[in-house]
Amino acid sequence: MIELIDISKKFNAHTVNETTVFSDFNFTVEKGQFISVIGSNGSGKTTLLNITAGSILPDVGKVLLNGKDITTQPEFIRARRFGRVFQDPSKGVASNMTIMENLSLADNKGKMFGLTRGVSKKKFQEYQDMVASIGLGLEDKMHVKMGALSGGQRQSVSLLMATMTPIDILLLDEHTAALDPKTAEVVMQLTNKIIKEKNLTALMVTHNLRYALEYGNRIVMMHQGHVILDKKDKEKEKLVVDDVLNLFNNISIEVGN
Amino acid sequence: MSLFFNTTVSGIQLGLCYAIVAFGMYIAYSILDFPDLSTDGTFPLGGVIGTILLYRAGVHPIIALMGGFVAGSVFGALTGILHVKFKISKLLSGIIVMTALLSITLALTTLLTQTEYTVSNYSYIAHGINGLFNKGVNKTNPYLVIVILLALVIVIKILLDLFFKSKAGMMLIATGNNETLITSLGKDVGFYKILGLSIANGLVGFAGALYAQMTMNYDNTSGTGKVVLALASVIIGLAIFSKAKFVKPTTAVIVGALIYALALNYFTLVDKNGTYLKLMNAVAFALILIINNLVKKQRIKKKKISPKTPTNIDDQVMNILSLPDKQETIEDVPVTEEAQS
Ligand SMILES: Nc1ncnc2c1ncn2[C@@H]1O[C@H](COP(=O)(O)OP(=O)(O)OP(=O)(O)O)[C@@H](O)[C@H]1O
Ligand SMILES: [Mg+2]
């Protein structure tokens with residue numbers, strides 16, 4: 001369980017560019033929830049993920065992981081129990097290394113990176129099977145450099161890498177946004193499959209309303225640093241695109257854009 | 001002819017010694033994208049430490065080289081710490097350490113003279129210091145020198161290749177490629193940068209100690225121009241073998257160092273007093289960078305006109321409120337593309 005308690009966050013404080021993203025923001029992610037987060041540009045979705053992951057510190061407030069205060073714990077330490085996939089497909093992988101090498105690194109997450117061999121031949125079959133399960137034909141490209149793959153292929157491998165070792169939460173920030181619609185669909189289904197199979201807790205930011213409604217068991221809409229819609233389970237299932245779209249439009253009219 | 005031949009032999013000797021400096025620069029520049037100026041300081045540092053160990057501690061010449069490695073790695077780590085922990089820019093961190101080492105190496109020569117006086121040169125032969133390549137005043141045969149140097153270079157190359165295949169080595173390579181990934185894997189990016197610079201300057205210190213033994217003389221100014229020389233070697237070597245995937249970068253770097261050292265050495269045939277050697281070094285380096293940039297531009301141009309993936313309109317309609325398709329940018333091309341591909 002992750003709790004964000006009374007979080008306040010300003011950027012460029014005391015300057016003309018001061019932006020208040022959150023003031024007294026509270027948010028709880030229960031274990032086993034798969035949350036889709038939607039909301040207008042600049043509403044604070046990425047900032048929410050960054051504060052959770054420790055990429056940025058809140059000005060005020062606490063972040064708790066299973067009751068333990070991790071607010072000031074360095075990002076790389078909490079990353080050992082977090083999985084994260086970014087919008088930019090090149091951020092999740094080492095592009096100058098092969099699929100095999102990337103998976104080997106990810107498999108070792110949380111352990112020592114010492115002087116033993118980085119790539120174990122024994123694991124080849126296991127990794128190849130994992131990659132084959134994506135269904136993009138990557139199983140024949142185990143020794144191809146990641147940089148030579150398409151964005152969708154890289155994003156799929158990123159997903160495998162982020163979820164290879166046990167994690168407390170998977171953070172996804174518009175991880176399908178840089179992909180063409182068909183590939184986005186493939187990656188989204190893969191995401192859903194992995195989350196279900198491994199029983200993961202996940203926080204997924206998306207601009208795709210259909211994904212937000214179709215996948216996950218909780219939906220959250222954000223606006224100007226506030227949660228303006230939060231439905232889970234049965235209630236979420238009753239929601240249709242039009243409901244959400246209307247709410248979205250109302251906000252847009254309110255703020256005049 | 002004989003002069004030309006001798007120049008070739010000494011050029012190969014220098015090239016092999018500089019190959020080890022170039023290994024260091026390969027780690028700093030190609031892997032970590034850190035053009036490390038401390039190299040100019042850690043080279044003579046290795047030289048003076050190695051000479052002190054030989055002369056005052058009477059250690060085996062190989063141990064003296066290791067001593068050069070340790071000394072270099074300490075100051076390499078310092079460069080890394082200045083950059084990582086104190087957020088000083090890459091170039092300035094290098095300049096600070098290099099400048100400090102100008103004094104430190106000079107001060108260390110008092111351990112050679114055992115007086116309060118410093119010296120800028122200290123001859124192995126005049127002081128009866130036994131390096132790898134001389135027993136007292138007897139110099140080793142120049143071909144044997146090449147064999148010994150080659151053996152050292154090959155051992156280091158193999159060790160480096162093994163290291164790059166280890167978990168720690170792969171993390172170092174990944175650090176230069178994608179820092180976010182290192183963080184995601186639960187490791188501190190700064191640690192790997194400091195580690196990389198430490199190993200890089202360790203190699204430079206090792207080469208500096210080797211250079212002193214090879215020339216049978218410790219020269220306090222021997223570091224000048226080593227950054228440029230090492231960068232040039234790395235860039236030439238990697239450029240020559242950019243299409244040959246089976247050639248390991250470490251091999252390419254050795255070839256680059258040999259070519260560059262030989263070219264500079266031949267230049268001394270014309271420039272007998274060595275007055276213009278550093279100028280030549282600078283001009284050659286500038287030309288290498290200019291040519292390399294032109295080649296890179298050509299390559300990027302080719303990439304840009306490659307066809308984009310066609311998207312299906314029906315699919316787009318399905319995607320309510322989805323963001324406009326973001327085409328992949330060429331940003332993925334690593335900053336140091338010239339040195340990597
Ligand atoms: N590093 C930063 N420096 C200054 N301002 C920032 C920074 N990061 C975010 N902001 C500002 O904070 C606000 C919230 O940004 P955030 O990235 O969280 O929005 P978002 O909901 O993810 O938007 P989008 O849908 O566009 O990704 C925006 O006004 C943004 O300009
Ligand atoms: Mg965002």
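Chain A is the first sequence line, chain B the second, and so forth, proteins listed ahead of strands; every chain is numbered from 1. As the structure is a prediction and not an experimental result, all values here were calculated from the model.
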Item to complete: Can you check whether anything in residues 152-171 of chain B gets within less than 4.5 Å of chain A, heavy-atom wise, and list it by number?
Response: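 Residues Phe163(B), Lys165(B), Ser166(B), Lys167(B), Ala168(B), Met170(B), Met171(B) are the ones that qualify, each having a heavy atom under 4.5 Å from chain A.
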Fill in: residues 186-194 of chain B: residues contacting chain A (heavy atom under 4.5 Å, by number)
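From residues 186-194 of chain B, the residues near chain A are Gly186(B), Lys187(B), Asp188(B), Tyr192(B).
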Worksheet entry | Portion of Met112(A) that has a non-hydrogen atom of chain B nearer than 4.5 angstrom |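 Interface part for Met112(A): backbone (N, CA, C, O).
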Could you give the distance from [atom1] ([X]) to [atom2] ([Y]), rounded to the nearest 0.5 Å?
X: Leu185(B); Y: Arg80(A); atom1: CG; atom2: CZ; value: 10.5 Å
X: Ser184(B); Y: Lys109(A); atom1: OG; atom2: NZ; value: 6.0 Å
X: Glu75(A); Y: Thr183(B); atom1: CD; atom2: OG1; value: 5.5 Å
X: Leu105(A); Y: Ile182(B); atom1: CG; atom2: CD1; value: 7.0 Å

If you count heavy-atom pairs under 4.5 Å with chain B, which of [options] comes out on top?
options: Ser104(A), Gly83(A), Gly114(A), Ala106(A); value: Gly114(A)
options: Met161(A), Lys91(A), Arg78(A); value: Lys91(A)
options: Gly110(A), Ala53(A), Gly92(A), Pro74(A); value: Gly92(A)
options: Asn108(A), Ile38(A), Ile77(A), Asn102(A); value: Asn108(A)

Worksheet item: For Ile173(B), is it the side chain, the backbone, both or neither that has a heavy atom under 4.5 Å from a heavy atom of chain A?
Response: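 For Ile173(B), heavy atoms of backbone and side chain both lie under 4.5 Å from chain A.
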Worksheet entry | Audit row: Asn177(B), Ser95(A), side chain to side chain contact (heavy atoms under 4.5 Å, CB included) steps and yes/no | CA-CA 7 Å; Asn177(B) 187 243; Ser95(A) 58; 3.2 Å; yes
Worksheet item: In chain order, what residues pass the salt bridge (Lys or Arg N to Asp or Glu O under 4.0 Å) check against Arg81(A), with sequence neighbours excluded?
Response: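 For Arg81(A), the residues satisfying salt bridge (Lys or Arg N to Asp or Glu O under 4.0 Å) (neighbours in sequence not counted) are Asp168(A).
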Worksheet entry | Residue pairs fulfilling ring pair (Phe, Tyr, Trp, His ring centres under 6.0 Å) with at least one residue in residues 91-124 of chain A, sequence neighbours excluded |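 For residues 91-124 of chain A, and leaving out neighbouring residues, the ring pair (Phe, Tyr, Trp, His ring centres under 6.0 Å) pairs sorted by first residue read Phe124(A)-His143(A).
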